[in-house]
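Down below is the structure, laid out as structure tokens.
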Amino acid sequence: MLNDFNNISIKKSSLNEDTPVKETAQNEHSIKYFGPGNYRLTKKDISYIIYGACFLASGGGGPIGLALLFMDKMINDADVMYYVNPDDLEATKNIAFVAGLGAPDKIFEGFGQTVSLNAFLEMDNYLTQSGQEPVGYLIPVEMGAMNTLIPFIISARKGIAVINGDPCGRAAPEMGMNLFNTNKLPINPVILTSDTDDSGQYQKIIVQVKDADDAENQARRFAKSHNSTAGMACYPMQGADLNCSRLSDNNQAKFIQWTVGFAWNLGRNMVESKNYNEFMEFLDSFPLLSYTLFEGTITDKQEREIGGFNVGKITVSNGDETLFIYYKNESLLAWSITRKCYVAMGPDSINFLAKKDAQPFSNTDINSDPEKNNKNISLGTEIGIIGLCAYEKLKNAVLVSLFLSNIQEILTAFPEDHVPIPERYVPLSDLMPDYTG
């Protein structure tokens, strides 16, 4: 089907000038059929996806500066990438989940550029050598500047379509915090690969893991031996396992649909308007409920190591009030130090946007090295903190428990703040009336 998103207005429609309404039907079309048409995407479209995915990542998902650098190195202006909608998946085509992990400093130095492509090639080989069809579709691991980009790099090289959806709807600090895991989809085999060396060779291992946590631990160990980077391919399945046509409604619980298209729409507005207020109006036209949590200036960033992870705290103040944003890669808790109350907590998302030009950014982008990261966000930058209510699928007991345990881990690293550990998850929609009242 040919579709031209450029003919679709991005302004709010209304019954009259005083009564704005959600553009549900229009936005449903725009997140399913985006780009120039015919399910094809250009390099410019991928930049839109990077911007939108960075915003949706709740402060995680990798630095946007690194993702844009990666895109420029790995995707040519003439390349064409493809996507496919969840209700159009062919039942017998194989799907793979391909990701990259690594230290941002190492990746800025040039390492890690081929790890994910190598992981894809090895999964493709594994399937064909097992008598199966090769990989026919890829799915992003999460919404985030880096890991949403990676499948499109492979699409540019191999012509494979990327599914318009992901199993997180945001970025998460642990691999097990996704819907594939909670729906007990088979993860094995897990294939880990290194970069291609000067001789054209790379290292690989194929492992059978106990669960997603085991897979992540093995990937981290592998990365330590290979310049702190690794490619990962896992969760092999077929189109029938994720197809969301009317005949397969039960598959909708397994992942979040249309998130790539959502990211494209948000990113397009950011890149083309560079206007914070216009973006906020545009965001409000989508059904996913959002709130402006706070507007102020970044005054401090602290990081500490606990359990092999970097956890941190961003301080944002506007003179009248100060907020702490606690993160473990991703932002998981917003606390008003002035009012002594929670403002937002995971699985709801806590997203950043620079007020001067509507640039989204991650925690890693804040106070980074400007010589390496041209999207560095310096201390003193005026920002908006926007809360997005989590998709209902992410509010299941298993995921909520994982988010709460990660929040507890972060707060343990900052005992001097005396922030009480949440006893239960309080949804953003319940916190906001008390906070804004």
Side-chain angles (χ1 to χ4, degrees), residues 60-63 66 70 96-126 138-142 144 146-147 149-151 153-154 167-168 171-178 180-182 184-199 201-236 303-312 327-330 332 362-364 402 405-406 409-410 412-413:
L66 180 57
F70 229 59
F97 168 117
V98 179
L101 64 154
D105 286 347
K106 285 291 187 180
I107 300 174
F108 271 120
E109 291 172 13
F111 297 104
Q113 293 184 20
T114 57
V115 293
S116 301
L117 179 60
N118 292 341
F120 159 77
L121 293 173
E122 289 302 323
M123 178 61 80
D124 204 52
N125 290 337
Y126 177 90
L138 296 168
I139 188 164
V141 174
E142 63 185 8
M146 281 298 295
N147 271 329
L149 165 66
I150 282 168
I153 292 175
I154 299 169
C168 288
E174 297 177 3
M175 186 173 169
M177 297 168 73
N178 73 68
F180 286 175
N181 187 43
T182 59
K184 302 187 185 305
L185 299 184
I187 191 173
N188 288 309
V190 174
I191 300 175
L192 304 171
T193 53
S194 70
D195 256 329
T196 302
D197 62 24
D198 292 339
S199 67
Q201 303 298 310
Y202 57 85
Q203 301 298 311
K204 68 172 183 180
I205 60 171
I206 301 176
V207 294
Q208 301 289 322
V209 299
K210 299 174 185 176
D211 52 28
D213 290 339
D214 184 23
E216 182 169 14
N217 290 335
Q218 296 216 34
R220 290 182 181 280
R221 286 197 295 270
F222 183 88
K224 283 183 180 179
S225 302
H226 297 89
N227 293 311
S228 298
T229 61
M232 173 188 283
C234 54
Y235 284 112
E303 284 195 345
R304 297 172 186 178
E305 185 173 323
I306 184 168
F309 285 88
N310 285 330
V311 299
Y327 65 90
K328 180 181 174 183
N329 298 329
E330 286 71 29
L332 300 182
S362 70
N363 292 313
T364 307
L402 288 170
S405 65
N406 275 270
E409 185 177 0
I410 300 167
T412 301

Partners passing side chain to side chain donor-acceptor pair (under 3.5 Å) against [X] (at least two apart in sequence or in another chain):
X      : value
Asn178 : none
Tyr327 : Glu303
Asp198 : none
Asn406 : Glu174, Lys328

Any side-chain to backbone donor/acceptor pair from [X] onto [Y]? Under 3.5 Å, distance only.
X      : Y      : result
Asp195 : Gln113 : yes
Thr114 : Thr196 : yes
Asn147 : Gly100 : yes

- [ ] Could you list the residues that satisfy ring pair (Phe, Tyr, Trp, His ring centres under 6.0 Å) with Phe70, not counting sequence neighbours?
- [x] none

Specify the closest pair of heavy atoms between [X] and [Y], including all atoms of both residues, with the distance to one decimal.
X      : Y      : answer
Gly231 : Val115 : N-CB, 3.3 Å
Ala233 : Ala119 : CB-O, 3.5 Å
Ser362 : Gly60  : CB-O, 3.8 Å
Ala171 : Gly61  : CB-N, 3.7 Å
Pro151 : Pro140 : CG-CA, 3.9 Å

To the nearest 0.5 angstrom, please state how far the [atom1] atom of [X] sits from the [atom2] atom of [Y].
X      : Y      : atom1 : atom2 : value
Arg220 : Ser228 : CZ    : OG    : 11.0 Å
Glu142 : Glu330 : CD    : CD    : 6.0 Å
Asp214 : Glu216 : CG    : CD    : 10.5 Å
Cys234 : Met123 : SG    : CE    : 6.5 Å
Asp211 : Lys184 : CG    : NZ    : 9.5 Å
Ile150 : Phe97  : CD1   : CZ    : 10.5 Å

Flag side-chain contact, heavy atom, 4.5 Å: [X] against [Y]:
X      : Y      : value
Met232 : Val190 : yes
Leu66  : Phe108 : yes
Asn181 : Tyr235 : yes
Ile153 : Leu117 : no

Test of understanding: with side chain to side chain contact (heavy atoms under 4.5 Å, CB included), list the residues that count as partners of [X], not counting sequence neighbours.
X      : result
Ala413 : Ile306, Val311
Asp124 : Phe120, Pro134, Val135
Ala230 : Leu101, Phe222, Ala223
Thr182 : Leu179, Asn396, Val398, Leu399

- [ ] Sequence neighbours left out, what passes salt bridge (Lys or Arg N to Asp or Glu O under 4.0 Å) with Arg221? Give chain and number order.
- [x]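 Listed in chain order: nothing, the list is empty.
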
- [ ] Test side chain to side chain contact (heavy atoms under 4.5 Å, CB included) on Met175 and Ile187 and set out the steps.
- [x] CA-CA 11 Å; Met175 186 173 169; Ile187 191 173; 3.8 Å; yes

Please table the atom pairs, donor to acceptor, closer than 3.5 Å between any side-chain atom in residues 202-210 and protein atoms at least two apart or in another chain.
{"residue": "Tyr202", "atom": "OH", "partner": "Glu122", "partner atom": "OE2", "Å": "2.5"}
{"residue": "Lys204", "atom": "NZ", "partner": "Glu122", "partner atom": "OE1", "Å": "2.9"}

Task: Distance-only side-chain donor-acceptor flag, Thr229 / Asn227, under 3.5 Å - done: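 Side chains of Thr229 and Asn227: no pair found under 3.5 Å.
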
